[in-house]
Each structure stands twice: as C-alpha cells, then as structure tokens.
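Structure, as structure tokens:
What you see is a predicted model; the values in this text were computed from it and never measured.
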Amino acid sequence: FFFGKIFFAFVRLMSKKGAKGVDLKALPKASFIEQRNAKFDALWQKQCAEYEAKAKPIKVTMPDNSVRDAEAWKTSPLDIAMSISKGLAEKSIVARVNETLWDLGRPLEEDCSLELLDFEEPAASEVFWHSSSHVLGYAMERFLQCKLSIGPPLEGGGFFYEADSDGRAISEEDYSGLEAACKELVGQKAPFQRLVVAKEDAVDMFSYNPFKATILKDKVPEGGFCTVYKCGDLVDPCRGPHVVNTSRVKALAVTKNSSSYFQGKAENASLQRVYGIAFPNNDLMKQWKQFMEQAAKADHRNVGKQQSLWYFHEFAPGCSFFYPHGARIYNTLVDFIKVQYRRRGFDEVMTPNVYSSKLWEQSGHWAHYAENMFKIEIEKEIHSLKPMNCPGHMLLFASKAKSYRDLPIRFADFGVLHRNELSGALSGLTRVRRFQQDDAHIFVRQDQIEDEIIRCLDFVAFVYEIFGFQFYLNLSTRNPEKWLGDLKIWDDAESRLAKAMNDFCKIPQEFEDFSGAKIKYDGTPACIRTFKKLVENGKYEKPLQYWVHNPEDAAFYGPKIDIQVEDCMKRKHQCATIQLDFCLPERFKLSYIMSPQEKEAREAAGQGGGVDGIAANTRPVVIHRAVLGSVERMLAVLTEHWAGKWPFWISPRQVLIVPVAHDHDEYAASVQQKFHDAGFFVDADLGDNSLPKKVRNGQIAQYNFILVCGSNERDNGTVAIRTRDGGQHGEKSVADAIEWLDRLRREYSKEY
C-alpha cells in the first residue's frame with residue numbers, strides 16, 4: 001500500500017524535474033556538522049590503530065567450501081570479492097559472515113564462513129534501502145539543515161527519513177533540491193565507515209540533536225557500546241550493515257513527504273518525513289515506475305470510486321461508507337467465512353460494543369492501549385467502544401462451568417470494533433477507525449494445542465488458495481523483556497507451535513545434514529539454507545514452505561504465528577495471525593475440570609494443586625485466530641490483488657442481461673427475474689444503446705457474464721453467454737445457465 005500511496009506524488013514530482021535549479025555550493029553547512037564530524041574522525045583514527053595492532057592470519061570458508069587466507073581486522077569481504085572478480089565485487093551489496101549480515105568494507109575478525117549477497121537477496125535489498133536512507137539523511141541535513149530523527153528501510157521496499165526542519169513544512173518544491181544533494185553524495189563515492197563507540201561518547205557526539213540523544217540514552221545500556229556510521233558529511237548512529245560506498249546508489253527518487261511525531265507519539269515533537277526509493281541500476285528504477293503505474297490503476301481507492309463500492313466523508317474520518325455494490329462484496333466475504341465456521345466447528349457469538357473501563361483494567365488493555373480507545377462517560381463512569389473482542393469472549397467462557405470434555409470451544413465474532421487511530425495514519429480501507437474482523441478465540445487444553453494450530457493453518461491455506469495468495473509463516477517467539485507467565489509454559493508452547501508448523505509444512509522435526517549430523521529445524525536462516533540444499537540434492541522432499549523464526553516478536557501474553565500474504569504484484573501484507581495466550585485465562589480466572597489422566601500427570605510433574613482453590617481445575621490456553629484480519633483491510637488487498645476484476649463468486653455485478661432489441665425486453669426482464677430469484681446479482685440493460693455498445697458497457701463495468709437475449713433465445717428459452725474478457729460460451733437454457741453459474745459460485749471458482 002506504501003507504493004500505491006506514493007505513486008501520485010511520484011508522478012507529480014516527475015513533471016517538475018529540473019524546473020527549479022539548486023546551487024548546493026551556495027548553501028552553508030549546518031552548524032553542528034563540523035564539531036560532530038571532528039569527534040567521529042578522532043575516534044575513527046583510534047579504532048584504525050587498534051585494528052592494525054590486532055591483525056593475524058585467519059581462514060575464510062566460501063559457500064563452495066573453498067578456503068581463502070585473510071588477515072583478521074584488516075581483510076574485508078570486499079577484498080575477498082575483488083580477489084575473485086571485479087564483477088562479483090561490484091554486484092555484491094552486503095556479506096553474510098558466520099550467518100550474520102556484515103558490511104562489505106568491515107574487516108573480518110576471526111576464522112569464518114563468508115557469503116556475498118547481491119540485490120536479489122531480500123536481506124541485501126533491505127540493506128541497500130537502509131544505506132539509501134542515509135544518503136537521503138545527508139541530503140536533508142545538506143539542503144534543509146534538519147536535525148535528523150530516524151531513517152529505516154520499509155518492509156515493502158524503499159525508505160524514509162524524518163527530521164525536525166525548524167518549523168519549515170517540506171513540500172514537493174523541495175524534492176529537486178533533496179535529490180540534487182543525494183546525487184552530490186553519490187558522486188563522492190563516500191565510504192560507509194563503521195565506528196564502535198561507548199555510549200557516553202555517542203551521546204556526546206549527538207548532544208546537539210535531542211532525537212538522536214534520546215534514542216541513544218534509551219536504547220544503549222549504561223556502560224555499553226553502539227555503532228555509528230559516517231558517509232560523506234553525514235554521521236549517524238546505526239546498527240548497520242551498509243553498502244561499501246554511496247556510489248552503489250545509482251538511481252534515487254524522492255517520492256513523498258508527510259508529517260509525523262517523534263517515536264510515533266502525539267505528545268512528542270512534530271517532524272517532517274520524506275520517503276524515497278532507490279536502486280543499484282537505472283533499469284530497476286524503470287521497472288519500478290512501470291510497477292507503480294500498474295499499482296495506481298489497481299489502487300482500491302480508485303477502484304472503489306470507479307465501481308461505486310465505498311466512500312469516505314470528513315464527518316466520519318476513518319470510517320467507510322459502503323454503497324450497495326460494496327456491501328455485496330463485504331457481506332459475501334463475511335458469509336464465505338461463516339460457511340467455513342459451520343464446517344470447522346466454530347460457534348458464532350455476539351458481544352456488546354460498549355464496556356466499562358473495569359473490563360479493560362482486568363484484561364490489562366487499559367494500561368497499554370487506553371489511548372487507542374474511544375471513551376464515553378456513562379453515569380459518571382468511564383466506558384469505551386471495544387477495540388477488540390477477546391475480553392468479552394473471556395467473560396462468555398467464564399459464565400458457565402466447563403469440563404475437559406467441552407474443549408476445544410471455538411467462539412467466533414464479527415462484532416464492530418473501533419480504534420482511535422491518529423488521523424495521519426488513516427489510509428483508505430487499509431487503516432480505519434471502524435472495522436470488523438473475523439475474530440475467533442479457541443479455548444483448548446495443553447494437549448490440544450498442536451492439533452488446533454494445524455486446523456487453523458489448514459483454514460488459512462483453504463481461504464488463501466481461493467484468493468490466489470501465496471502465504472508465508474513466521475514463528476514469533478518470546479521477547480525476554482516483555483513477557484508474562486511461566487517460562488516452562490512459554491518454551492513448551494513455542495515448541496508445540498514449531499512442531500505444528502513442521503507437520504503442516506511437511507518438514508521433519510529433525511534432519512541429517514551432509515555430514516550426518518542431526519539438526520533440529522528451527523526456522524533460522526542457517527537452518528533453512530542447509531535444509532534447502534538437502535532438498536535440492538534430493539535427500540528430502542520439498543516442503544510446502546520453509547517457515548521462518550522471528551525472534552523476540554511475540555505478544556507479551558504468548559508466542560504467535562504471523563502470516564504474510566503475497567498478492568499478484570509480489571507485495572506482502574500482514575493479515576492472518578494465530579496467537580497463544582496464557583495471560584488472559586489467568587487474569588479472568590478461567591478454568592475447566594481436568595480429566596483424571598491430566599490431573600494425575602500434572603501432579604506427577606509437580607504442577608498439581610489446581611487453580612482458584614479447586615484441586616480438580618486448571619487453566620485453558622486461548623488461541624487468538626484471524627484469517628482475514630480486518631475485513632476492510634482484506635477488501636483493500638483483494639481489490640488490488642484482483643485489480644477490480646472480482647471473481648464470480650464474490651462479484652457485486654455477476655450477470656448482465658442484454659436484449660438484442662426492445663422487442664426482446666420482456667423476455668430479458670423475465671430472465672433477469674429468474675437469476676434474481678436464484679440469488680445472483682443481476683441487472684438488465686433495457687436502454688437504447690446498440691447491442692455491441694451494451695456488451696462493451698457490461699464488460700467495462702466488470703459484469704462476469706453477459707447474457708444476450710434475441711429472438712432465437714426467446715423462442716427456445718435460452719441465453720447466449722459471453723464473458724467480460726470477450727469470450728463466447730455458446731447457448732444454454734436458462735435453467736442450465738443458472739445451474740452452471742450456481743456451481744461456479746458454490747465452488748468459489750477462479751475461472752470467471
């Protein structure tokens with residue numbers, strides 16, 4: 001969606017290229033640059049001397065198992081790449097040393113394995129865009145004399161930098177100046193110099209900048225160290241790694257600007273954010289522009305207007321209005337999930353929209369999420385519109401006694417949710433304040449976790465196959481600084497999730513590498529690469545996919561499986577999620593009566609005694625599960641994935657009846673009624689246009705089927721079937737046509 005949003009600004013800025021010359025030489029340097037850079041240079045000279053003193057011979061193992069001689073603290077990955085070929089060195093973006101991403105220009109430190117990555121590798125392209133953000137940061141200091149905040153790469157590609165511009169609002173008029181400053185730094189071929197500094201030195205170096213100083217004070221432990229990079233006149237605290245020098249950024253464009261808040265908090269300073277895109281060659285930039293044109297045409301906001309699907313108004317910011325045709329899509333999507341609920345053992349429930357703040361205090365959301373809730377005072381007590389369904393489902397479970405025989409219990413809820421998103425974050429259907437989601441909470445015993453997770457993954461796979469999505473699984477595990485509960489339970493839950501994903505993906509729990517050593521599949525990059533090589537050599541069957549470990553990204557209440565979908569334009573979106581929760585059952589004192597076997601096993605493991613003073617009871621585990629996620633956001637994703645060409649089963653305009661002449665209007669109307677009675681979205685064009693014009697209008701309006709009715713069809717009780725792509729499918733009786741289309745609808749066919 002980032003690319004879709006920036007395309008229009010990109011087109012506008014292209015038309016202004018060269019319209020306003022910029023004389024960078026006439027601009028003074030920002031006052032803080034000289035002192036900051038002098039501090040860096042002094043520490044850099046000291047580091048170089050230390051490295052020189054530590055030099056010693058080492059061995060470097062390449063991916064083909066060849067071994068090269070090198071010197072620790074002196075030889076860099078770039079040196080080794082150059083010794084192989086100049087072309088390899090020029091193509092390489094970043095290195096991987098002992099499974100750690102490593103700057104091409106950073107000296108190696110010990111015996112190691114080395115892999116050189118080019119732009120095609122996702123990890124390398126992310127590094128490239130991160131380095132490009134530093135080039136943009138240089139330009140913002142050079143051209144606007146800003147005080148920089150942060151400049152990360154973006155998950156979907158590209159980057160941004162945000163800064164305090166001393167009250168100046170950045171506009172499109174500044175883009176050419178910023179790009180000229182970027183080009184200046186690129187032309188300098190400035191190396192990215194990596195400096196390891198003590199916290200106190202880093203804070204001193206950036207004492208002029210309240211944003212950098214705050215980040216360093218908060219993120220770097222007392223007595224600790226961090227890294228600072230220099231390229232040209234820009235010095236920036238950063239973990240890295242980076243490209244070898246700025247000349248690698250062959251093509252760069254500023255694409256968009258907006259306002260933001262420091263650290264995303266409205267009470268903090270207001271900043272100016274500038275977005276950009278860059279590539280290592282001009283051909284990739286041209287391809288990107290073509291992609292942007294395609295993305296803009298499919299943008300859900302444009303399609304929504306063209307097809308009269310949804311609408312926004314300033315009187316209800318962040319809340320979408322759905323026209324009748326939009327409501328048809330919305331309801332069909334919800335009904336599609338509801339059919340699966342019945343088949344998969346879910347029970348729909350309905351819960352209130354407004355709760356007392358006491359509920360959120362008990363759930364823990366009030367302390368962490370209150371600022372994102374819409375609050376209402378009722379009889380001098382604070383209430384709020386619900387932003388999520390889970391606490392209400394906890395109350396439902398707790399309202400009646402439960403036995404181990406009752407579990408699993410699967411509650412599903414399409415209740416309306418409200419979240420008080422910042423106005424600057426609102427964007428079409430992708431970020432709204434009022435929405436629904438296919439929210440479900442599954443209450444299980446410990447021994448049911450794996451089976452239930454596999455059922456959830458199967459549900460996801462079924463839905464996404466119908467949508468035509470590729471999807472990718474990530475296991476997010478415990479953050480050592482943000483977690484609640486029992487460590488043994490966490491470890492066990494993470495292990496169960498990993499086992500369930502292995503079973504789903506058809507990956508062995510353990511495999512033997514080429515040396516015969518047994519390796520546990522854990523989703524780490526090194527493990528994945530090893531297993532892929534074994535698969536390529538025919539030692540193991542190719543799995544459905546290779547799930548990835550995402551360390552320290554779990555929710556505080558339990559580990560989770562994050563699921564990204566990839567649309568037809570290769571963009572990834574976070575939609576589905578499967579999360580384990582041990583926290584809410586404890587907060588709401590949920591329990592069920594154990595089986596004799598479970599009670600005995602817990603006692604044997606030293607976990608007896610029950611809960612809440614009842615020896616026979618124990619806590620369930622809750623699985624939070626969504627497949628669509630926000631229905632509104634999923635509609636935006638599907639709109640752009642299908643470019644507004646809705647598959648027949650979900651189309652708001654399924655059938656158009658077209659009479660050849662007015663003599664056939666009565667028959668056309670009768671056919672329309674029969675399709676309407678069969679539950680199809682059907683219209684009839686009884687206007688004065690010619691037949692070709694009516695057919696063409698139907699195709700442009702994205703009717704899946706256009707049924708032509710002339711004298712022959714009227715006399716035989718048939719229709720001549722055409723499709724929106726211009727295909728002609730012969731003549732069928734009205735009854736046969738209804739039966740055929742009904743089958744396509746029931747089977748969720750992707751064919752039409």
Side-chain angles (χ1 to χ4, degrees), residues 13 16-41 44 128-153 158-193 195 205-213 228-238 240 242-260 269 271-278:
L13 73 90
K16 295 187 176 185
K17 296 273 188 200
K20 192 174 180 180
V22 177
D23 184 6
L24 293 173
K25 294 181 180 179
L27 296 176
K29 287 186 178 181
S31 59
F32 52 79
I33 289 179
E34 185 174 348
Q35 186 176 13
R36 177 193 68 190
N37 292 13
K39 292 178 180 178
F40 180 96
D41 292 341
W44 175 257
F128 180 88
W129 283 318
H130 188 188
S131 300
S132 300
S133 79
H134 282 237
V135 175
L136 177 59
Y138 166 89
M140 293 174 73
E141 282 191 350
R142 180 79 171 93
F143 181 60
L144 302 173
Q145 301 193 0
C146 294
K147 290 182 179 177
L148 301 175
S149 173
I150 60 170
F159 50 90
F160 72 77
Y161 222 118
E162 61 183 24
D164 179 0
S165 55
D166 197 22
R168 173 179 175 175
I170 296 175
S171 71
E172 291 178 25
E173 297 297 324
D174 298 310
Y175 291 5
S176 59
L178 289 168
E179 289 181 355
C182 289
K183 189 174 181 180
E184 177 184 71
L185 181 62
V186 169
Q188 293 173 11
K189 299 184 178 180
F192 277 83
Q193 299 169 269
L195 176 67
M205 190 182 298
F206 293 94
S207 58
Y208 70 92
N209 185 323
F211 313 110
K212 300 291 187 186
V228 175
Y229 281 81
K230 181 182 181 185
C231 61
D233 272 341
L234 178 75
V235 176
D236 207 1
C238 176
H242 286 287
V243 299
V244 64
N245 66 55
T246 58
S247 71
R248 297 298 176 93
V249 185
K250 303 293 187 187
L252 184 148
V254 175
T255 55
K256 180 192 171 191
N257 68 278
S258 67
S259 59
S260 62
L271 304 174
Q272 294 289 297
R273 180 179 291 183
V274 179
Y275 292 86
I277 188 69

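By the 30° and 60° cut-offs, the orientation of the rings of F40 relative to W44 is parallel. Between H242 and Y229, the angle of the ring planes goes over 60°, which puts this pair in the perpendicular group of the 30/60° scheme.
F160 CZ to S258 OG: the interatomic distance, rounded to the nearest 0.5 Å, is 8.5 Å. Within the model, atoms CD of E141 and CG of L148 stand 4.5 Å from one another, a figure rounded to the nearest 0.5 Å. From I170, atom CD1 reaches atom OG of S165 across 5.0 Å, with rounding to the nearest 0.5 Å. Interatomic distance, OH of Y275 versus OH of Y161, reported as 14.5 Å (0.5 Å rounding). We find the OG1-CZ distance between T246 and R248 to be 10.5 Å, quoted to the nearest 0.5 Å. The OG atom of S259 sits 9.0 Å away from the CZ atom of R273 when rounded to the nearest 0.5 Å.
At least one donor-acceptor pair under 3.5 Å links the side chain of K212 to the backbone N or O of S149. Formation of a donor-acceptor pair under 3.5 Å by the E179 side chain with backbone atoms of V254 is found in this model. One N or O on the side chain of N245 and one on the backbone of S247 form a donor-acceptor pair closer than 3.5 Å. In this structure, Q193 contributes its side chain and V228 its backbone to no donor-acceptor pair below 3.5 Å.
Shown here for F159 and L136, the closest heavy-atom pair between the two residues is CE1-CD2, 3.8 Å.
In the model, N257 has a side-chain atom that pairs as donor or acceptor with a side-chain atom of Y175 under 3.5 Å. Checked by atom type, the side-chain pair Y208/R36 shows a donor-acceptor distance below 3.5 Å.
Considering only residues two or more places apart in sequence or on other chains, R142 meets the salt bridge (Lys or Arg N to Asp or Glu O under 4.0 Å) condition with E184. Listed by chain and number, the residues in a salt bridge (Lys or Arg N to Asp or Glu O under 4.0 Å) with K147 amount to none (sequence neighbours excluded).
Between L144 and D174 there is a side-chain heavy-atom pair separated by less than 4.5 Å. Using a 4.5 Å heavy-atom cutoff, the side chains of K230 and L195 are not in contact.
Other residues, nucleotides and ligands contribute only 12 or fewer heavy atoms inside 6.0 Å of the NZ atom of K183.
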